[in-house]
Structure formats: C-alpha cells, structure tokens
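Read through the structure below, which is laid out as structure tokens, and then see the notes.
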Amino acid sequence: MNRKYRKTIIAGNWKMNKTPAETKKMFEELKVACGKQKWCDVVLCVPFVDIPAAVRASRDAKIAVAAQNMHYEEKGAFTGEVSAEMLKELGVKFVVIGHSERREYYGETDKTVNLKVKKALEVGLRPIICVGETLEQREFDVTAEHITMQVKIALAGVPAEKMRKIVFAYEPIWAIGTGKTATAEQAEEVCGLIRAVIRAKYGARTARAVTIQYGGSMNPKNAAELLSKPDVDGGLIGGASLKTEDFAAVINAANQ
Ligand code: PEP
C-alpha cells in the first residue's frame, strides 16, 4: 500500500452467491463488524439481482456497490445482458471487467475488455480490470509479456484524465479459488509491472495514483503480508468475502 499517493481498496467478489435477503443481512453485519474504515475503501461486487438491495443497504454502511460484468453496447438485441447505463442508474459505482472466469467460461477477450473499459468510463462507472497469467504461462516464464499485453490492450484509447478512475486487479489464475496464494513478492513484482506499463504510457504522476489490487485466495491470514507491499493497493477477494468475519478481518488488515 502507498497511502500517500492512492486509495487502498478492498473489494469482495461474491461471484454467483447470495440472494437479495442474504445481501441485506451481510451489509448489516458488516456495518457492525467494520465500523469506520479510515484507511481503505470497501466495495462489494454482487450479482445483478442483488444490486438494488445492496445499494439500499450501502447508504449508511460506507460500502460501494459493484457489478461483476456489463455489456459494452448501450442497448439492443443482447439477450441476458446488462448495460453500463442500467447499472449506473441503479447506483452502482464500480464494475469488474475481464475476470478470469468470464474470460474462461464466457469468451471474454482482451478486445472486449477494452470495449467495456471505455464504455464504463463513458457512463461514469469505475472499472476494476482483472489481468493474470495461467500456471502454464508462469512456468514458461512469459508472465510479464502476458500481463503487459493485457494491460496495454485494456487501456487502448483510454485518455490520461480518466486513469484515476481505473482500478487494476492482478489475479494469477492459478491462485483463484484454489487456496494457493501468490507470495507477497510475486504479487509485488506483477503489481509493480502493471504500474510500470501505466507509467510508460501516461507518466509517473498518473501511474502512482492508480490503485492496483491483488486477488487470488487472499484471506485474513495472508492479507497483512500481501498489503504490506508498496505496489499492492488492496485486494479483490472471492471466497473470503462471503463470510462477514473473514471479510471484516481483511478490511481491518488494510486499516492497520
Ligand atoms: C476472485 O474471485 O476474484 C478471487 C480472487 O477469488 P478467491 O479469493 O476465492 O481466490
């Protein structure tokens, strides 16, 4: 974390979990468990159907609501899809773009990620852009090349003045939902690389203001060590965001 230059953001990604009633309950529990977070912002990325309940419950909880996906077109014949404008109107503040599960199961590509990033920014949503390598790519030692390409394509056509709205999440695919966490050194190395790619394109001032999270089996036990690294500005947390106690413990680790 580097609190001087950028916000620490702890975001929970619920994936396809929790009903609207369960959403209300967990927000209420978090209000009690977390109190005021002085040093970090908290975001919950909830299923589409939970968004109205989450936005209502977030009003006095200081938690921003995120969607887990969106379409890049404004409207039209895209059965089952949801537009950025629809999310904005509901009070959503952030949107996860290019999560590895979306890339793997729903055919999202670097190109569609870029289209979604530009659309989100256009309507005033803050994108949380997920990038990360497979185990095979890490073993072939092409992590840096792969991440550089993902970051460059995601940011194609994004103007410098919008960069403060962008959040990156470095999520090594081999660490998501597996219980295997990247070491703090591995997380720092790749988060630093993402910042270097941003710096090369937009300059040092812009690069140091961008929040870059780590995601991949982050939990109450490993959060403090990961967050102690200067380029790791928070977490995108799946499994450990589903239980109030665990998520509150990660938030508290970011508040030390
Ligand atoms: C995620 O869903 O983005 C994630 C990092 O999941 P988990 O924390 O369960 O690995």
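Numbers here are sequence positions counted from 1. Whatever order the structure lists ligands and atoms in, that order sets their numbers, starting from 1. Just so it is clear, the model here is predicted, and its values are computed rather than measured.
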Decide whether an N or O pair under 3.5 Å exists between [X] and ligand 1.
| X | result |
| --- | --- |
| Asn13 | yes |
| Gly239 | yes |
| Thr178 | no |
| Gly215 | no |

> Are Leu155 and Phe168 close enough, and set up right, to give a side-chain contact (heavy atoms from CB on, under 4.5 Å), and what steps lead you there?
Replying inline: CA-CA 11 Å; Leu155 295 178; Phe168 270 97; 3.9 Å; yes
Can you pull out the closest protein heavy atom to [atom]? Residue, atom name and distance to 0.1 Å, please.
| atom | value |
| --- | --- |
| atom 5 (C) of ligand 1 | Glu171 OE2, 3.1 Å |
| atom 8 (O) of ligand 1 | Gly238 N, 2.8 Å |
| atom 1 (C) of ligand 1 | His99 NE2, 3.3 Å |

>> Using heavy atoms and a 4.0 Å limit, tell me yes or no: is Gly216 in contact with ligand 1?
In response: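 So Gly216 counts as touching ligand 1.
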Show me which atoms of ligand 1 lie under 4.0 Å from any heavy atom of [X].
| X | value |
| --- | --- |
| Ala175 | 10 (O) |
| Ser217 | 7 (P), 8 (O), 10 (O) |
| Gly177 | 7 (P), 9 (O), 10 (O) |

Show the atom names and distances, to 0.1 Å, of all donor-acceptor pairs under 3.5 Å that link a side chain in residues 248-256 to residues at least two apart or in another chain.
residue	atom	partner	partner atom	Å
Asn252	ND2	Ala248	O	3.2
Asn255	OD1	Lys38	N	3.3
Asn255	OD1	Trp39	N	2.7
Gln256	NE2	Asn252	O	2.7

> Do you reckon Val190 sits in the same ILVMFWY cluster as Ile153, going by side-chain contacts under 4.5 Å, direct or chained?
Replying inline: no
>> With clusters defined by side-chain heavy atoms of hydrophobic residues (ILVMFWY) lying less than 4.5 Å apart, directly or transitively, does Trp14 cluster with Phe48?
In response: yes
>> side-chain contact (heavy atoms from CB on, under 4.5 Å) for Asn69 and Val95? Distances and angles first, verdict last.
In response: CA-CA 6 Å; Asn69 181 35; Val95 58; 5.7 Å; no
>> Determine whether Thr178 and Trp174 satisfy the following criterion, side-chain contact (heavy atoms from CB on, under 4.5 Å), listing intermediate values before the conclusion.
In response: CA-CA 7 Å; Thr178 58; Trp174 48 270; 5.8 Å; no
> Is it true that Asp110 and Arg103 make a salt bridge, defined as a side-chain N closer than 4.0 Å to a carboxylate O?
Replying inline: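 Looking at Asp110 and Arg103, the cut-off is met.
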>> If we check side-chain hydrogen bond (donor to acceptor under 3.5 Å, both in side chains) with His146, which of these qualifies: Gln137, Glu133, Arg138?
In response: Gln137
